[in-house]
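These notes concern the structure reproduced below.
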Amino acid sequence: MEEYKPAAAMVVTQCIYAALALWSKAAFTGGMSPLVFVVYRQAVATVVLVPVVVAANRKKMKEMTTDLGVAGFVLVFVASLVGATANQCLYYQGVHLGSSSMATAMTNLIPAITFVMAASVGLEKVEVRRPRSLAKIFGTAVCVGGAMAMAFFKGPKLLGGLLALLHSPAPGSQWVTGALFLVGSSSCWSLWLILQVPICKSYVEPLALSAWMCLLSTLQSALLVSFLQPDPNAWRIRSLFELSCCLFSGVFGSGVTFYLQSWCISVRGPLYSAMFNPLCTVVTTVFAATVLREELHVGSLLGAIAVIAGLYVVLWGKAGDGGRRGRETEHTDDLEKTMTRSDSMLDAGNGIAEPLLPADGDLTEK
């Protein structure tokens, strides 16, 4: 039974993410503000994490607060702004304007976007003669193509017949805007992963760092909402359903999934964890159609399939990087340690994100 525990943990994790996407979509449909929801989620996660951090690090609390320094605090603040505040605000706005199934599918773009960002700043070395590098390039192109199909080719209803493809209406502006928000959310999370390289050199305690990020994100998102939605009524929780959604997102969507995912990564590695990401898309799509009565469209389905296929191609390209240990440098070691920590950190973002940073240009598989 021991060998099945990591798989069971990841299945439970992806089911929690799917439940959160569906639950939040239902809450937004009922009138709850996505931006206010972000504040409440981060606040609940902070309340859950801070006592755990204090209890686990009671003897070294002073060192943990003073060793960060001004430069380290600035980096953590920026990472919180990008990877938690902006990421979640864009994600839940995308859920509100689009659909929960599209939102979970779009998060599979993160490894491909991270690969592009890392390559553009020299953290990922692309060798066009190597099949693994070509796989990452091809997988990235397939992911981007799938995302564009989901955004701009909504297509006819899935049950309306494939012949309607030739006369499918153009997607509404709200649908396109939601898709663009979700792409922006994935880009923010990818940038957050890049920022982990300098951050983890300044701060090495992942649980405490997660608590700092949740706290800062709560303050940042609260300030943002006060400007964008000055109406005090927007902060009202109108029902037990909305309150339960906020509590679930903070306790299970952040706390429980953090523990399960970090444990799984510690025993099987980040690529194993990333392989389960599409399960969330499948579960969300099925329940969105049956419970929330979301309409499935041909373009959205084809785009989601392309994004998931591209994800696995990129992961296959990353899986072959473990054989290049002989050429690793000190810079490589820093990146590997960084990605180990960032993989096991709290999901301050939308919840479905596996890093893709390099070791000597490529990340060594754990």
Side-chain angles (χ1 to χ4, degrees), residues 14 17-29 32-35 37-38 41 82-117 140-155 171-193 221 224 249 253 274 277-285 287-288 292 294-297 299-311 314 347-354 356:
Q14 298 306 323
Y17 290 149
L20 180 56
L22 294 167
W23 204 336
S24 61
K25 176 63 176 180
F28 302 154
T29 303
M32 188 177 190
S33 167
L35 297 179
F37 174 76
V38 171
R41 173 180 176 172
V82 173
T85 304
N87 173 34
Q88 286 201 12
C89 288
L90 290 172
Y91 177 78
Y92 286 113
Q93 283 288 354
V95 171
H96 178 51
L97 297 176
S99 68
S100 54
S101 54
M102 180 174 69
T104 54
M106 284 292 193
T107 56
N108 292 294
L109 282 170
I110 292 171
I113 296 175
T114 308
F115 167 69
V116 173
M117 288 185 177
T140 299
V142 172
C143 282
V144 173
M148 293 179 62
M150 294 180 70
F152 299 107
F153 179 60
K154 188 175 182 180
S173 58
Q174 180 172 290
W175 179 271
V176 174
T177 303
L180 294 178
F181 274 137
L182 293 171
V183 172
S185 170
S186 297
S187 300
C188 286
W189 188 254
S190 296
L191 180 57
W192 180 87
L193 294 174
S221 55
L224 179 65
S249 65
N277 287 352
L279 176 62
C280 180
T281 303
V282 175
V283 174
T284 304
T285 301
F287 280 91
L292 298 182
E294 286 186 2
E295 296 178 345
L296 299 181
H297 296 263
S300 301
L301 179 62
L302 295 177
I305 292 174
V307 169
I308 293 173
L311 167 70
V314 172
D347 164 36
N350 55 40
I352 312 172
E354 290 305 323
L356 191 69

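FYI, the numbering just counts along the sequence from 1.
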Checklist entry - Can you list the steps and then say if Val283 with Gln14 is a side chain to side chain contact (heavy atoms under 4.5 Å, CB included)? => result CA-CA 8 Å; Val283 174; Gln14 298 306 323; over 6 Å; no
Item to check | Test log, rule side chain to side chain contact (heavy atoms under 4.5 Å, CB included), inputs Leu35 and Gln93 | outcome: CA-CA 8 Å; Leu35 297 179; Gln93 283 288 354; 3.6 Å; yes
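What you find for Ala103 and Leu182 is that their closest heavy atoms are CA-CD1, 3.5 Å. Taking all atoms of both residues into account, the shortest heavy-atom contact from Cys143 to Ala112 is CB-CB, 4.0 Å. Across Ser100 and Leu22, no two heavy atoms sit closer than the pair OG-CD2, 3.5 Å.
Residue Trp192 holds its CH2 atom at 10.5 Å from OG1 of Thr114, rounded to the nearest 0.5 Å. Atom OG1 in Thr107 sits 11.5 Å away from atom CH2 in Trp189 (nearest 0.5 Å). Here the CZ-CH2 distance, from Phe37 to Trp23, works out to 9.5 Å after rounding to the nearest 0.5 Å.
The six-membered or imidazole ring of Phe181 lies away from that of Tyr91, with a centre-to-centre distance of 6.0 Å or more.
With contacts defined as side-chain heavy-atom distances shorter than 4.5 Å, the pair Asn87/Val82 does not qualify. Within the 4.5 Å cutoff, the side chain of Val95 has no heavy atoms near those of the Pro34 side chain. For the pair Val142/Val307, no side-chain contact is recorded, criterion being any heavy-atom separation below 4.5 Å from C-beta on. Between Phe28 and Ser24, some side-chain heavy-atom pair lies under the 4.5 Å cut-off. Taking 4.5 Å as the limit, every side-chain heavy atom of Val38 sits out of range of all side-chain heavy atoms of Thr85.
Looking at Ser186, its side chain does come within 3.5 Å of a backbone N or O of Met106 through a donor-acceptor pair. Of the possible polar contacts, none joining the Ser185 side chain to the Leu90 backbone as a donor-acceptor pair under 3.5 Å is found. Side-chain atoms of Asn108 come within 3.5 Å of backbone atoms of Ala105 as a donor-acceptor pair (strictly under, hydrogens ignored). A side-chain donor-acceptor contact under 3.5 Å links Arg41 to the backbone of Gly253. Judged purely by atom type and a 3.5 angstrom limit, Lys25 uses its side chain to pair as donor or acceptor with the backbone of Gly98. Counting only distance, with no hydrogens or angles, the side chain of Thr281 and the backbone of Thr104 share a donor-acceptor pair below 3.5 Å.
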